[in-house]
Undergrad: 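One structure is given below, represented as structure tokens, and several questions about it will come after.
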Amino acid sequence: QVQLVESGGGLVQAGGSLRLSCAASGRTFSSYVMGWFRQAPGKEREFVAALSRLGVSTFYAETVKGRFTISRDNAKNTVHLQMNSLKPEDTAVYYCAATERRISGTLQGPYDYWGQGTQVTVSS
């Protein structure tokens with residue numbers, strides 16, 4: 001089992017940047033596929049980005065492709081989401097997720113472990 005704790009959210013103006021971090025507990029972090037999801041008020045949770053176990057493969061939602069970058073440091077048990085050129089529509093609670101399952105395709109799920117979320121607010 002793994003526990004996930006997100007940090008780095010906040011308030012930023014449109015066009016700005018934020019870097020989210022997710023710290024994972026446990027000694028087998030490299031065995032987890034990692035993902036970021038977000039949920040805006042009144043909307044369903046949606047996939048943002050995902051990263052394979054060794055960080056070789058990355059996948060992004062079309063809405064963030066070219067602006068967001070997911071990365072991981074297996075030595076530090078962390079995964080990051082660098083968010084650039086932020087837009088008001090990026091406003092949401094962002095969640096880190098992990099799974100040991102052998103998921104395929106664009107790594108959109110299912111995920112078994114979730115963090116508590118961090119708020120990102122982009123003002124216009």
Side-chain angles (χ1 to χ4, degrees):
Q1 192 167 357
V2 64
Q3 292 185 328
L4 306 172
V5 179
E6 302 97 334
S7 61
L11 173 64
V12 64
Q13 289 188 331
S17 298
L18 281 175
R19 188 187 193 215
L20 304 184
S21 296
C22 174
S25 64
R27 298 176 296 172
T28 59
F29 179 68
S30 61
S31 68
Y32 292 92
V33 171
M34 300 299 298
W36 285 96
F37 291 76
R38 67 186 182 186
Q39 187 167 18
K43 295 187 177 181
E44 294 187 354
R45 186 172 60 197
E46 65 176 3
F47 170 79
V48 174
L51 184 63
S52 61
R53 290 172 175 79
L54 297 181
V56 174
S57 299
T58 57
F59 299 92
Y60 298 93
E62 287 297 323
T63 52
V64 307
K65 197 173 291 184
R67 300 187 297 122
F68 290 11
T69 302
I70 187 171
S71 62
R72 68 190 297 162
D73 185 339
N74 285 347
K76 296 183 178 180
N77 286 14
T78 57
V79 62
H80 303 287
L81 186 68
Q82 178 67 43
M83 306 186 295
N84 299 328
S85 302
L86 283 161
K87 304 175 181 180
E89 50 264 44
D90 294 319
T91 295
V93 178
Y94 283 71
Y95 297 91
C96 176
T99 183
E100 286 184 293
R101 299 182 195 225
R102 294 287 181 182
I103 57 176
S104 59
T106 56
L107 305 183
Q108 294 193 34
Y111 286 81
D112 300 300
Y113 306 103
W114 296 84
Q116 82 288 349
T118 185
Q119 176 70 47
V120 171
T121 303
V122 184
S123 63
S124 58

Undergrad: I need the minimum non-hydrogen distance between S85 and S17, along with the two atoms involved.
TA: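 That would be N-OG, 4.3 Å.
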
Undergrad: Does anything in residues 42-52 pair up under salt bridge (charged side-chain N to carboxylate O under 4.0 Å, His left out), and if so which pairs, sequence neighbours excluded?
TA: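 Only R38-E46 qualify under salt bridge (charged side-chain N to carboxylate O under 4.0 Å, His left out).
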
Undergrad: Taking the side chain as C-beta and beyond, is there a heavy-atom pair between M83 and L20 under 4.5 Å?
TA: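 Side-chain contact under 4.5 Å: yes.
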
Undergrad: Examine distances only and state if a side-chain atom of Y60 and a backbone atom of I70 form a donor-acceptor pair shorter than 3.5 Å.
TA: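 Yes; judged by distance alone, with no hydrogens or angles, the pair exists.
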
Undergrad: Under the criterion side chain to side chain contact (heavy atoms under 4.5 Å, CB included), which of V79, T118, L81 is the partner of C22?
TA: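 When V79, T118, L81 are each tested with C22, the side chain to side chain contact (heavy atoms under 4.5 Å, CB included) holds only for V79.
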
Undergrad: Is the NZ or CZ atom of R72 positioned over Y32's six-membered ring, under 6.0 angstrom from the centre and within 45° of the axis?
TA: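 No; the conditions do not both hold, so R72 does not lie above the ring face of Y32.
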
Undergrad: For a quick test of reading the model, state the closest non-hydrogen atom pair linking S30 to N74 and the distance between them.
TA: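 Scanning both residues completely, I find the closest heavy atoms to be CB-ND2, 3.5 Å.
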
Undergrad: Heavy atoms, side chains only, cut-off 4.5 Å: are S21 and T78 in contact?
TA: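 SC-SC contact between S21 and T78 ruled out.
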
Undergrad: Which atom names give the shortest non-hydrogen contact between V12 and L86, and what distance separates them?
TA: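 Minimum heavy-atom contact is CG1-CD1, 3.6 Å.
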
Undergrad: Could you walk me through whether D112 and E100 satisfy the side chain to side chain contact (heavy atoms under 4.5 Å, CB included) test, starting with their C-alpha distance in whole Å, then the side-chain angles of each, then the deciding distance to 0.1 Å, before giving a yes or no?
TA: CA-CA 8 Å; D112 300 300; E100 286 184 293; 5.8 Å; no

Undergrad: Other residues, nucleotides and ligands only: do more than 12 of their heavy atoms fall within 6.0 Å of CD on Q3?
TA: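 12 or below, so no.
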
Undergrad: So, taking the atom named CZ in F29 and the one named NZ in K76, what distance separates them when rounded to the nearest 0.5 Å?
TA: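 Output value for this atom pair is 12.5 Å.
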
Undergrad: Please confirm whether the backbone N or O of S31 pairs with a side-chain atom of R53, one donor and one acceptor, at under 3.5 Å?
TA: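 Judged by distance alone, yes, a pair lies under 3.5 Å.
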
Undergrad: Any heavy-atom pair between the side chains of P110 and I103 that's under 4.5 Å?
TA: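 Yes, side chains in contact.
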
Undergrad: Check for me, please, whether Y113 and V93 land in the same ILVMFWY cluster - side-chain distances under 4.5 Å, paths through other members count.
TA: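 No, no single cluster joins them.
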
Undergrad: Could you tell me whether a side-chain N or O of T69 sits under 3.5 Å from a main-chain N or O of Q82, the two making a donor and an acceptor?
TA: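 A pair under 3.5 Å: no.
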
Undergrad: State the CG-OG1 distance between D90 and T121, to the nearest 0.5 angstrom.
TA: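 Nearest 0.5 Å value for the CG-OG1 distance: 11.0 Å.
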
Undergrad: Taking all heavy atoms of E6 and all of C96, pick out the closest pair and write down the distance.
TA: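 The pair with the smallest heavy-atom distance is OE2-N, 2.8 Å.
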
Undergrad: Are the side chains of F47 and F59 in contact, using a 4.5 Å heavy-atom criterion?
TA: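 Result yes, sub-4.5 Å side-chain heavy-atom pair found.
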
Undergrad: Linking I/L/V/M/F/W/Y whenever their side-chain heavy atoms sit closer than 4.5 Å, directly or via other members, would Y111 and F68 fall into one cluster?
TA: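 No, no single cluster joins them.
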
Undergrad: Are Y95 and L4 side-chain neighbours, meaning at least one heavy-atom pair lies under 4.5 Å?
TA: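 SC-SC contact between Y95 and L4 ruled out.
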
Undergrad: Which heavy atom of Q119 sits nearest to which heavy atom of A92, and what is that distance?
TA: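 Here Q119 and A92 meet closest at NE2-O, 3.4 Å.
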
Undergrad: Should V2 and M34 be counted in the same cluster of Ile, Leu, Val, Met, Phe, Trp and Tyr side chains packed under 4.5 Å apart?
TA: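 Yes, V2 connects to M34 through the hydrophobic network.
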
Undergrad: Which heavy atom of G55 sits nearest to which heavy atom of L51, and what is that distance?
TA: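 Nearest pair, atom of G55 first, then L51: CA-CD1, 3.6 Å.
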
